[in-house]
Each structure stands twice: as structure tokens, then as C-alpha cells.
2 protein chains.
Amino acid sequence: MAVNYPNGQRYQGMKSAVKRPQVRQQTFGNRGMTFEQMINDSNDYYLSKGVAVIHKKPTPIQIVKVDYPKRSAATIKEAYFKQASTTDYNGVYQGKYLDFEAKETQNKTSFPLSNIHQHQIDHMQQCLAQQGLVFLLVYFSTLKECYLLEANDLLMWWNQKDLGKKSIPYKYFQDHVHKVPIKIAPRIAYLEIIDTVFRIGENDDKQ
Amino acid sequence: MAVNYPNGQRYQGMKSAVKRPQVRQQTFGNRGMTFEQMINDSNDYYLSKGVAVIHKKPTPIQIVKVDYPKRSAATIKEAYFKQASTTDYNGVYQGKYLDFEAKETQNKTSFPLSNIHQHQIDHMQQCLAQQGLVFLLVYFSTLKECYLLEANDLLMWWNQKDLGKKSIPYKYFQDHVHKVPIKIAPRIAYLEIIDTVFRIGENDDKQ
């Protein structure tokens, strides 16, 4: 027999009352890990080894309504996604400010610039002006290859976008961009590239 | 006459359909501004003048349920606050990594250490180990005075907490801590203190 509430809504059974928040399953094996998970994993590794302090910024949210039920955690009942004003990752490595965005593409022949947004470009330029170490990590997921593209290089391509070049060819990455080692730990060993490109640890006079 | 939907739910009228998210009003006058607003205001000023790139990190949220209504923005219907793993502010100033927490107290005689959490202390220590410029901005709101307490100084007090010293006396701030100028723009001129304390802009050899 169907049982309805007086207002006509269908009775859903007690199961719905004890429904738990759905936590996204993370796979830490070799397969099934998104690029974001691989980066976060690498940052956890770097942090645990005292190598660097790099965190992903939380997604910016405009909170409108919060419930404070007795005997349980505050629940956000209404909120909206806000436009971010920065890149996703930043932190400190041997006194240097690091700032980067991480993007994944299934494309095998090029990296579409539509993956990048104007606010990220603006933020990168601001950080470059403050002498930050700024870059983009690109993961070609089908090829399982990761590249570290320096921000100045990205800006060059971005500025050619209006001339009709809407993507960076894979060949360009192969020939001109730093390939990031993919290992067991850290998964995405991007700090090895930072050491080389920005000569971290060398005497300032030699730069 | 009351009009109900077939399922018995009350018809709410068209007004609810066009209800807009409530955006928190910000006051940019001299009074009514929280310390957080004053800091954000100062960071906006520094960014607009090309002086530094410092942002407040968004509040970390665990999103459980999102609605995607047609013809309007995605609405988060269920989410929970997560424990942060860092301080609230970081960024770059003349190549240096800056990291700080900002705290406000109405107390006139001391700053209670209960305002600080263990995860913030841990993060500060990690950033110090990477040679970041790390500090705490304390605002005595009743006195309208702001101080920049270096992280090493804060750690000294934090480590004495278990000996019964649960707060830092106002007298200590007066005698030993850098007082931050409060101005029209930037409101909280904390980078002036950074210049002095960490000798930004001077030749590295002189440090």
C-alpha cells in the first residue's frame, strides 16, 4: 500500500532520513586517478617530506542559507558557485612563490586554449609582475604525458588566439616544453622541472 | 482563495521564482567594516596598484548535492563546512611568498590564543621552513589598533600555552610588536611593516 503524507507527497521510507553525504571515491592506484588527484597527491607527498608547501585553493562559493541543526554539523542549504579570481594552486618552495593552473586534455594532437580562462591569464600576469614562478601543467591523458609550460610561453600563445590559433600543437610541447616525470611518488614530479628552469638552490648571482 | 498544487503543496506565487541570492552588504565607509573587510579592501588596493598579489582563500566546502535548473545558475542544495588546512591569506610580494592569518578581538588587555587553531600553527611552521614571510595580523577592534606579529613570535607564545599563558598581553604588543598604520588606502598598510621587518628591496647580501 502506498503511504503518502497529508500534503500528498510520497512517503520515501526511513532510508532517506539517514542518507549520508556522498563522498567522492578516490582511487589511489595507477588507473582511474584524475590529473587533479595526481597533483594533490604529489603536493601531499611534497608537504609530508618537507619539500614544499603547495595547496589547491577551495572552490569559491557564495553561501546564502545555512541550517544549524541540533546535535549535528551546520548544513549549507543554498549556495552558488562564484567566479574564481586566481589560478587553482599556489604555495612556497625554498622561499619562492609558486603559482600554477593544472589542465587535462584527452586531445592527442593539441592543447585547446579554451581550457584557459581570462581571469587565470590576468592572475598569472599579476604574479609574474611580482616575480612569482608561474606556469601551467598540461596533462595529455590519452598519451599519459605531462608538460610544464612557463607562463610567458602560455601568454605568447594566448596573445595569438585572436589571430586564429586556438590551440597549442602537441608537437610544440614535444619540441619546446619541459616534460614532467611521472613517477610513483610524487606522481607528478613538477618540482624537478622548477629546479632546472628557475635554478632553485643556485647562488642568486649566477642567475 | 488559497491555490495549491495537485500534490497539496502551497502555491507560493511568482515572487519566489525570481528571488535572487542575498548578497551580503559591504560597508566601505569608516565604520561598520569588519577586520576581514579591511584586509580584503587593502589587498584590492595593493592589487590595483600592482604592489602585491594577495588573496583570501575561499572557505573550504564539501559539496554533496547540486541542482542544475534550466535557464539559471547551478544551485548547491547540500554542503558542509570542511576544516581548513592553511591560514586564510597568501600571495606574492616582490618575489617573496607571504602567508598570514588575520584575527580580530574586542579584548582591550590581551589577545586570547584561543583565536588560533593548531592547523594554522602547523601550516605557519611548514611555511617558515620554506623561508616564507609568515605572520599574524591582530586587530584590537575596541582600541582600533593593528599589530603585525611575526610567526616565530607567535610560536613562542603558543608553546607557552600549556604552561598556563592562554593569551598575549596587550602590553607585549605595545612594547615589542610592529604596529601597522591604519590609513585611508590601503586601510591596513601591513606591507609597510613587511618592508621594514624583512628588508624587502634591499640587496640580499646585506641581510
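Order of the sequence lines fixes the chain letters, A, B, ..., with proteins taken first and strands second; residue numbering starts at 1 for each chain.
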Does any backbone or side-chain atom of A:T86 lie under 4.5 Å from a heavy atom of chain B? Answer side chain, backbone, both or neither. side chain
Counting only heavy atoms not in A:K161 (residues, nucleotides, ligands), do more than 12 fall under 6.0 Å from its NZ? yes
CG/B:L133 to OH/A:Y97 distance, rounded to the nearest 0.5 angstrom? 13.5 Å
Under 6.0 Å from the CD atom of B:Q118, do we count more than 12 heavy atoms belonging to anything else shown? yes
Counting heavy-atom pairs closer than 4.5 Å to chain B, which one of A:A73, A:C127, A:A84 comes out on top? A:C127
Given A:K65, A:H123, A:H55, A:K82, the one with more heavy-atom pairs under 4.5 angstrom with chain B than any other is A:H55
Is it the side chain or the backbone of A:V66 that comes within 4.5 Å of chain B heavy atoms, both, or neither? side chain
Check this for me: A:K166, atom NZ, are more than 12 non-hydrogen atoms of other residues, nucleotides or ligands nearer than 6.0 Å? yes
Could you have a look at A:T59, A:I61, A:D67, A:T75 and say which one has the most heavy-atom pairs with chain B under 4.5 angstrom? A:T75
Give me the atom names and distance for the closest heavy-atom approach of A:P60 to B:P58. CA-CB, 3.8 Å
With a 4.5 Å cut-off on heavy-atom pairs, point out which of A:N90, A:V92, A:L47, A:D99 contacts chain B the most. A:V92
Can you tell me which portion of A:A129 sits under 4.5 Å from chain B's heavy atoms? Options are side chain, backbone, both or neither. neither
Kindly say whether B:V51 contributes a backbone atom to a donor-acceptor pair with the side chain of A:Q130 at under 3.5 angstrom? yes
